[in-house]
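The next block holds one structure in the form of structure tokens; read it before the comments.
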Amino acid sequence: MRYHRVKGTKDLLPEEASTWRWFETEIRQILELYGYQEIRTPVFENTELFIRSIGETTDIVEKEMYTFKDKGGRSLTLRPEGTAPVMRALIENNLKTPIRLYYYGGMYRRERPQKGRLREFFQIGIEYVGNPSPFADREVIEIGHRIVTHFKIDCQLLINSIGCPDCRRPYYSRLNTFLEKHRDDLCPDCRRRIIKNPMRFFDCKEERCQPFKREAPKIIEHLCSACSEHYHKLKGYLEKSAIPYTEHPGLARGLDYYTRTVFEFVVPELGGQNTIIGGGRYDLLIELFGGNPTPAVGFALGIDRTLLLIKKRIEPPRPIFIAQIGGLYQEARSLQLELHGKGKTVILGDPEMSLKKQLRQADRLNCGWAIMIGSEELKKGKYILRDMVSGEQREYTGKEIIARLT
RNA sequence: GUGGGCGUAGCUCAACUGGUAGAGCGCUUGACUGUGGCUCAAGUCGUUGGGGGUUCAAGUCCCCUCGCUCACCCCA
């Protein structure tokens, strides 16, 4: 075995590929029902785009991006996520808002692979751009809910608000003060988080950190009145939609551009990587990219991860096989073309091979029917049609065969 | 970046406390020169991931390395 796939990548073999195709089609249908339109952007962008949007000090930017210089010396990066490129495209092409967009594609992050986490992974994401109202947040969450319900995925919706910079900054210093005060009683991980990622403290599984979670200040208790109102209205809408949710005070996103609403759909049984949908509102991103200030909200769904939960086998249709005895290729081919015209999958046997070998191939290809073209029957203008399941066979004319198989 | 588990035939897996590598499936051929599957017969199957060490002897023990996998960190 000379070459191996690169770490953290995956080959989708035909069977799995057809499951993927089915899944993508179902999701697209749902998204289009809600008025979302597909947008496709390049897999790489100028590096700066991701640094600015995701945030200089995030793990993604600091150590996970596939960044390279092209021959012209430009720094390019394989997209680690989908929102920033879509917003770039929206501004660059002057798309009118409000607009509902969705994207599908591979994303790239150089992390240690594990269950549900690959270096090349696929996401379907939606972005509802141009509506500041909590009603828009509700729509996006509802679509997420619709998807997990559609696929009968048993999961939990977690929501939180991380406010706007005005309320987040004072809250962070409050939380910091609190954590700093208890520094010595916290686990080493949390001590590190104080500076870098204080919100993650709420996710800590260490026994010793648990008691502090109740006492620690929660961001939703420290939102400014506008952010607070937004959050409460959203919860009201979710209740009216009968979408169950759990408030999670530590829920934050890994990307800097989020404001106010953040949410995740999590599936505990998945193990370490259990978020199948993650999203939120990002009202400041477009402005940051130099567009007119435009609010937006969206989510991304991890396909690889989600498909771990969906074990569906798509049965491919059985092909029709045409075996030739004694090189009657032209008859075989014209029959093949005629059946193609009826939308049938038809595989030609190789006349260089014995009939036995051809039929063995037909069997391995899981063919439902085999047509045998031999000189004796051809004298009568007929071919043999063999039912590969029952093993029964009879002679028919070409017309009769086509009528029987279509 | 850190930690755990695992690497034996194309695939799934055996090989007691070290004793010179095996089974099933698959694949090829034949019984059936114009008939697949089922059966039977024969054949094909390995630098035991790689390198080094201990030993009379290493798949087995030790060290290094590579790969896979799970978890942490973090994230979809």
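Keep in mind it's a predicted model, so treat the numbers as computed, not measured. Every chain is numbered from 1 and lettered A, B, ... according to where its sequence line falls, protein lines coming before strand lines.
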Grab the CG-P distance between A:Asp59 and B:rC74 for me, whole Å please. 7 Å

Taking atom P in both B:rA23 and B:rA42, compute the distance separating them and give it to the nearest angstrom. 13 Å

Any strand counts, and the cut-off is 3.5 Å on both contacts for Watson-Crick or G-U wobble. Which nucleotide pairs with B:rC72? B:rG1

Taking atom P in both B:rC16 and B:rG7, compute the distance separating them and give it to the nearest angstrom. 13 Å

Give me the distance, rounded to whole Å, that separates B:rG43 from B:rU35 when you measure between the P atoms they each carry. 26 Å

Rounded to whole angstrom units, what separation is found between the CD atom of A:Glu64 and the C1' atom of B:rG1? 11 Å

Between A:Glu139 and A:Tyr237: side-chain donor-acceptor atoms closer than 3.5 Å: no

If pairing means Watson-Crick or G-U wobble with both distances under 3.5 Å, then the partner of B:rC38 is none

Watson-Crick or G-U wobble partner of B:rG19, both distances under 3.5 Å: B:rC56

Gap in Å between the two P atoms, one belonging to B:rC63 and one to B:rC68, rounded: 23 Å

Check the distance between B:rC75's P and A:Ile277's CD1 and give it to me in whole angstrom. 18 Å

Just the table, please: protein N/O against nucleotides 29-40 of chain B N/O, every pair under 3.5 Å.
| residue | atom | partner | partner atom | Å |
| --- | --- | --- | --- | --- |
| B:rU29 | OP1 | A:Lys357 | NZ | 3.0 |
| B:rU29 | OP2 | A:Arg360 | NH1 | 3.3 |
| B:rC32 | O2 | A:Lys356 | NZ | 3.2 |
| B:rG34 | O6 | A:Glu376 | N | 3.3 |
| B:rG34 | O6 | A:Glu376 | OE2 | 3.2 |
| B:rG34 | N1 | A:Glu377 | OE1 | 3.0 |
| B:rG34 | N1 | A:Glu377 | OE2 | 3.2 |
| B:rG34 | N2 | A:Glu377 | OE1 | 3.3 |
| B:rG34 | N2 | A:Glu377 | OE2 | 2.7 |
| B:rU35 | O2 | A:Arg386 | NH1 | 2.9 |
| B:rU35 | O2 | A:Gln393 | OE1 | 2.9 |
| B:rU35 | N3 | A:Gln393 | OE1 | 3.0 |
| B:rU35 | N3 | A:Gln393 | NE2 | 2.9 |
| B:rU35 | O4 | A:Gln393 | NE2 | 3.0 |
| B:rG36 | OP1 | A:Lys356 | NZ | 3.2 |
| B:rG36 | O2' | A:Asp363 | OD2 | 3.3 |
| B:rG36 | N7 | A:Arg386 | NE | 3.4 |
| B:rG36 | N7 | A:Arg386 | NH2 | 2.6 |
| B:rG36 | O6 | A:Arg386 | NE | 3.4 |
| B:rG36 | O6 | A:Arg386 | NH2 | 2.8 |
| B:rG36 | N1 | A:Met388 | O | 2.6 |
| B:rG36 | N2 | A:Asp363 | OD1 | 2.9 |
| B:rG36 | N2 | A:Met388 | O | 2.6 |
| B:rG36 | N3 | A:Asp363 | OD1 | 3.3 |
| B:rG37 | O4' | A:Asp363 | OD2 | 3.2 |
| B:rG37 | N2 | A:Val389 | O | 2.7 |

Other residues, nucleotides, ligands: >12 heavy atoms within 6.0 Å of A:Glu15 CD: no

Is there a donor in the side chain of A:Tyr34 and an acceptor in the side chain of A:Arg146, or the other way round, less than 3.5 Å apart? yes

Categorize A:Arg193 for me: base, sugar-phosphate, or nothing, with a 4.0 angstrom heavy-atom threshold over every strand shown. sugar-phosphate

Does the ring centre of A:Phe23 sit less than 6.0 Å away from the ring centre of A:Phe151? yes

Ignoring hydrogens and geometry beyond distance, is a side-chain donor-acceptor pair present between A:Glu287 and A:Thr294 at under 3.5 Å? no

Using the C1' atom as the point on both nucleotides, what is the distance between B:rC62 and B:rC73, in whole Å? 32 Å

Roughly how far apart, to the nearest Å, are B:rU60 and B:rG19 at atom P? 11 Å

Check ion pair A:Glu400-A:Lys382 (N to O, under 4.0 angstrom): no

Does one side chain, of A:Tyr102 or A:Arg28, offer a donor that lies under 3.5 Å from an acceptor on the other? yes

Roughly how many Å is it from CD1 in A:Ile153 to C1' in B:rA76, rounded to a whole number? 13 Å

Side-chain H-bond candidate by donor/acceptor type, A:Thr275 with A:Glu264, under 3.5 Å: yes

Is there a Watson-Crick or G-U wobble partner for B:rC6 with both distances under 3.5 Å, and which nucleotide is it? B:rG67

Quick one: on RNA chain B, does A:Lys63 or A:Asp304 contact a more 5' nucleotide (nearest heavy atom)? A:Lys63

If we take the C1' atom in both B:rG22 and B:rC72, what is their distance in whole Å? 40 Å

Assign a letter to each nucleotide of nucleotides 65-71 of chain B from its 5' end: B, base within under 4.0 Å of a protein heavy atom; S, sugar-phosphate only; -, no contact. ---S-SB

Ring-ring centroid check A:Tyr396 A:Tyr383, cutoff 6.0 Å: no

Output the rounded distance in Å from CE (A:Met199) to C1' (B:rC74). 15 Å

More than 12 heavy atoms of other residues, nucleotides or ligands under 6.0 Å from CG of A:Asn93: is that the case? yes

For the P atoms, the ones on B:rG18 and on B:rC61, what distance do you get once it is rounded to whole angstrom? 8 Å

Rounding to an integer number of Å, can you tell me how far A:Ile60 CD1 sits from B:rA76 C1'? 9 Å

I need the CZ-C1' distance between A:Arg109 and B:rA76, as an integer number of Å. 6 Å

Between atom CG in A:Asp203 and atom P in B:rC73, what is the gap in whole Å? 9 Å

Pairing partner of B:rG24, by Watson-Crick or G-U wobble and under 3.5 Å for both distances, is B:rC11

Can you tell me if A:Glu239 and A:Tyr245 form a side-chain donor-acceptor pair at under 3.5 Å? yes

